[in-house]
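Report on the structure given below.
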Amino acid sequence: MPAPRAAVLRTLADLPEQSWDAPDRGRLAWKTLFDGEVTPTEALTCGVALIPAHGGLAPHRHTQAEVYFGLEGRVRVTIEGASHDLGPGDALFIPGDALHAVEGGLAPARFFYVFAADRYEDVRYDFPAEASDAP
């Protein structure tokens, strides 16, 4: 019988922040709460994304399905051409390989994200050239 796994508590304020600030990727920051690199998770990676005012995430896709859960502020998430407004208390499922993007508004926004992946490094972002040239 496998050894039982221990519960892990992580505090968002104590975690390192990662970010992108590039036209081909977007302008946002995030903190990874759980993934196989730092916690005993399997097939689960999650964290909190911060979209600054007028920031966002360029159109992209990845193999893994993803879920967003709005925490504060509002963003517009476009999935395969369909727009969805995400705000506090809203949950949004993004199928694997679906082209999607996040557009921030006038105020910063935060959302919780979950990938069906063992580690964040397993998520390979594909930013198609034709999508990154779109308005």
Side-chain angles (χ1 to χ4, degrees):
M1 173 178 273
R5 296 198 166 216
V8 177
L9 175 67
R10 310 250 306 165
T11 301
L12 190 64
D14 296 341
L15 300 176
E17 185 174 276
Q18 297 175 276
S19 64
W20 286 333
D21 191 356
D24 60 334
R25 290 184 173 237
R27 189 165 61 91
L28 72 154
W30 68 95
K31 291 185 176 190
T32 302
L33 288 164
F34 299 107
D35 83 339
E37 285 293 309
V38 294
T39 54
T41 58
E42 295 175 4
L44 176 74
T45 295
C46 63
V48 174
L50 169 63
I51 306 296
H54 306 291
L57 182 57
H60 66 284
R61 57 176 42 103
H62 37 72
T63 303
Q64 297 84 356
E66 189 175 15
V67 170
Y68 292 169
F69 183 79
L71 298 173
E72 67 180 293
R74 299 195 79 73
V75 294
R76 172 156 296 161
V77 182
T78 303
I79 305 169
E80 296 291 347
S83 291
H84 309 272
D85 288 331
L86 181 78
D90 295 334
L92 182 60
F93 173 75
I94 303 168
D97 291 317
L99 185 66
H100 59 289
V102 178
E103 180 183 352
L106 298 175
R110 290 187 327 142
F111 59 86
F112 178 78
Y113 64 85
V114 179
F115 288 108
D118 291 332
R119 300 174 315 139
Y120 184 75
E121 290 76 21
D122 293 341
V123 180
R124 302 283 183 229
Y125 286 77
D126 175 25
F127 291 92
E130 63 276 8
S132 62
D133 293 338

Quiz prompt | Evaluation steps, side chain to side chain contact (heavy atoms under 4.5 Å, CB included), between Arg124 and His62 | solution = CA-CA 6 Å; Arg124 302 283 183 229; His62 37 72; 5.8 Å; no
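- Of all non-hydrogen atoms in Pro95 and Ile79, the two that sit nearest each other are CD-CG2, 4.4 Å.
- Under the 3.5 Å distance criterion, the side-chain polar atoms of Lys31 are left unmatched by any main-chain donor or acceptor of Pro16.
- There is no path of hydrophobic side-chain contacts, each under 4.5 Å, that joins Leu12 to Leu28.
- Between Ala117 and Val123, the closest heavy-atom pair is CB-CG2, 3.9 Å.
- Taking 4.5 Å as the limit, some side-chain heavy atom of Arg61 sits within range of a side-chain heavy atom of Glu80.
- Between Phe112 and Cys46 there is a side-chain heavy-atom pair separated by less than 4.5 Å.
- Of all the heavy atoms in Gly104 and Val75, the pair that sits closest is CA-CG1, 4.2 Å.
- One finds the CG atom of Leu50 at 9.5 Å from the CZ atom of Phe111 (value rounded to the nearest 0.5 Å).
- Shortest non-hydrogen contact noted between Leu99 and Pro128 is CD1-CG, 4.0 Å.
- Side chain of Gln64 to backbone of Ala116: no donor-acceptor contact under 3.5 angstrom is found.
- In terms of modelled atom types and a separation under 3.5 Å, the side chain of Arg10 and the main chain of Leu33 share a donor-acceptor contact.
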Self-check item: Intermediate values then yes/no, side chain to side chain contact (heavy atoms under 4.5 Å, CB included), Glu37 and Thr32
Solution: CA-CA 10 Å; Glu37 285 293 309; Thr32 302; over 6 Å; no
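- Remark: the backbone N or O of Ala53 is paired with a side-chain donor or acceptor of Arg27 at under 3.5 angstrom.
- The NE2 atom of His100 sits 4.0 Å away from the OH atom of Tyr68 when rounded to the nearest 0.5 Å.
- Below 30°, between 30° and 60°, or above 60°: for Phe127 and His60 the angle between ring planes is between 30° and 60°, a tilted geometry.
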Exercise. Before giving the answer on side chain to side chain contact (heavy atoms under 4.5 Å, CB included), spell out for Val48 and Leu71 the whole-Å C-alpha distance, their side-chain angles and the decisive distance to 0.1 Å.
Key: CA-CA 9 Å; Val48 174; Leu71 298 173; 4.0 Å; yes
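- Taking each heavy atom of Ala58 and Pro23 in turn, the nearest pair found is CB-O, 4.5 Å.
- Judged as a salt bridge (Lys or Arg N to Asp or Glu O under 4.0 Å), not a single pair has a partner in residues 92-108 (not counting sequence neighbours).
- Scored by the salt bridge (Lys or Arg N to Asp or Glu O under 4.0 Å) test, Arg74 finds Asp90 as partners (sequence neighbours excluded).
- A chain of hydrophobic side-chain contacts below 4.5 Å, direct or via other Ile, Leu, Val, Met, Phe, Trp or Tyr residues, connects Val114 to Val8.
- Between atom OG1 of residue Thr45 and atom OH of residue Tyr120 there is a gap of 9.5 Å, rounded to the nearest 0.5 Å.
- A salt bridge does not link Arg119 with Asp35: every distance from a Lys NZ or Arg NE/NH1/NH2 to an Asp or Glu carboxylate oxygen is 4.0 Å or more.
- Taken to the nearest 0.5 Å, the CH2 atom of Trp30 stands 7.5 Å off from the OH atom of Tyr113.
- To the nearest 0.5 angstrom, Leu86 atom CG is 6.0 Å from Leu92 atom CG.
- Within the model, atoms CG of Leu57 and OG1 of Thr78 stand 11.0 Å from one another, a figure rounded to the nearest 0.5 Å.
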